[in-house]
Amino acid sequence: MQIIQNIKDLDKVFEPYLEKAMILTRDEIFEVVSRKVSDYYNEPVFQHDPTDIPDYYQRTGNLMESLTATHISKNGNYMEFRVGWDDDYLTFRYPKGFGKSKYNGITGLQVLQAFNSGTHGYTVSGSHNYFQEALDELGGELGIINSFKANCKKVGLPIT
């Protein structure tokens, strides 16, 4: 039996439950974003004929391979995690020299912006805004909060 004498003791009791719920929530977000990246790579804009791929458009896999989810970290009175791309990817510059596109040598950040613009690297038209679709699937900020609450219940922390 654990005796709770102060807020610090209470924090120690809650912390493992909160961390487990955060892990579940992080993994749900990662799964949705990862699926959207896979959808982006498999969008049928290039599926009809391999010769449809413009000379200046080369798939490297960097966008997919660079998606990460951090460990849960505790900073003062709160816990956090991040799902996304690190600065190395955001500043990564794709090679130049694939034709005459003005987007030769674009950065990872620009590819991510294109990911939500209905295009592939601004050079090939697509039909999706993948970040927005991921947020919609997660239910936006409120949906993520509700997911976290549900995950708290799953790990044995009864909250309302």
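The analysis underlying the following values was restricted to heavy atoms, covering all of them including side chains, and did not include hydrogens, waters or symmetry mates.
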Novice: Step through the shown structure and confirm whether more than 12 heavy atoms of other residues, nucleotides or ligands are within 6.0 Å of OH on Y17.
Specialist: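 Counting other residues, nucleotides and ligands, OH of Y17 stays at 12 neighbours or fewer.
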Novice: Between T107 and L90, what is the shortest heavy-atom contact and its length?
Specialist: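 Scanning both residues, the minimum pair turns out to be CB-O, 3.6 Å.
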Novice: Can you measure from CD1 (I29) to CD (E137) and round to the nearest 0.5 angstrom?
Specialist: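 Separation between the atoms: 12.0 Å.
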Novice: Just to verify, which of I145, L138, I144 counts as forming a side-chain contact (heavy atoms from CB on, under 4.5 Å) with E141?
Specialist: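 Considering I145, L138, I144, a side-chain contact (heavy atoms from CB on, under 4.5 Å) with E141 is found only for I145.
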Novice: Within the 4.5 Å heavy-atom criterion, are N151 and M22 side-chain neighbours or not?
Specialist: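 No, every pair of side-chain atoms sits at 4.5 Å or beyond.
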Novice: Going by atom types only, do Q132 and D136 share a side-chain donor-acceptor pair under 3.5 Å?
Specialist: yes
Novice: Check whether W85 reaches the backbone of L63 with its side chain - one donor and one acceptor, N or O, closer than 3.5 Å.
Specialist: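 Between the backbone of L63 and the side chain of W85 there is a qualifying donor-acceptor contact (under 3.5 Å).
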Novice: Would a distance-only check, ignoring hydrogens and angles, find a side-chain to backbone donor-acceptor pair under 3.5 Å from N75 to Y78?
Specialist: no
Novice: For E43 and S127, run side-chain contact (heavy atoms from CB on, under 4.5 Å): C-alpha distance rounded to whole Å, both residues' side-chain angles, the deciding distance at 0.1 Å, then the answer.
Specialist: CA-CA 8 Å; E43 189 173 11; S127 58; 3.0 Å; yes
Novice: To the nearest 0.5 Å, how far apart are CD in E15 and CD1 in I72?
Specialist: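 Going from the CD atom of E15 to the CD1 atom of I72 covers 11.5 Å.
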Novice: Quick check: closest heavy atoms across F148 and L18, and the distance to 0.1 Å?
Specialist: CZ-CD2, 4.0 Å
Novice: Any non-hydrogen side-chain atom of D11 less than 4.5 Å from a side-chain atom of I7?
Specialist: yes
Novice: Can a donor-acceptor pair be found, under 3.5 Å and without considering hydrogens, that links the side chain of S38 to the backbone of S34?
Specialist: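 Looks like no, no N/O pair under 3.5 Å.
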Novice: Ignoring hydrogens and angles, tell me if any N or O in the side chain of R26 forms a donor-acceptor pair with the backbone of R82 under 3.5 Å.
Specialist: no
Novice: Which heavy atom of A69 sits nearest to which heavy atom of V83, and what is that distance?
Specialist: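 Looking at all heavy atoms of both residues, the closest pair is CB-CG2, 4.1 Å.
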Novice: Got a salt bridge between E80 and K74, using NZ or NE/NH1/NH2 to carboxylate O under 4.0 Å?
Specialist: no
Novice: Just by distance, do the side chain of N62 and the backbone of E65 share a donor-acceptor pair under 3.5 Å?
Specialist: no
Novice: For A134 and K36, work out which heavy atoms get closest and say how close.
Specialist: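 Closest approach of A134 to K36: CB-CG, 3.9 Å.
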Novice: What is the distance from atom OH of Y89 to atom CG of L67, rounded to the nearest 0.5 Å?
Specialist: 10.5 Å
Novice: side-chain contact (heavy atoms from CB on, under 4.5 Å) between H128 and Y40: does it pass, once the steps are laid out?
Specialist: CA-CA 8 Å; H128 294 272; Y40 182 67; over 6 Å; no
Novice: Give a yes or no on whether the backbone of G143 and the side-chain of S147 come within a donor-acceptor separation of less than 3.5 Å.
Specialist: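 Judged by distance alone, no pair lies under 3.5 Å.
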Novice: So do the side chains of Y130 and L135 get within less than 4.5 Å of each other, counting heavy atoms only?
Specialist: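 In short, these two side chains do not touch, never coming nearer than 4.5 Å.
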Novice: As an exercise, state the distance from CE of M79 to CD1 of I23, rounded to the nearest 0.5 Å.
Specialist: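 These two atoms lie 9.0 Å from each other.
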Novice: Has I159 got more than 12 heavy atoms of other residues, nucleotides or ligands less than 6.0 Å from its CD1?
Specialist: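 Check passes, neighbour count above 12.
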Novice: Is a side-chain donor-acceptor pair under 3.5 Å present for Q110 with Y94?
Specialist: no
Novice: Taking all heavy atoms of I3 and all of D9, pick out the closest pair and write down the distance.
Specialist: O-OD2, 4.0 Å
Novice: Evaluate the side-chain proximity of L109 to T91: yes if any heavy-atom separation is below 4.5 Å, no if none is.
Specialist: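 Not in contact.
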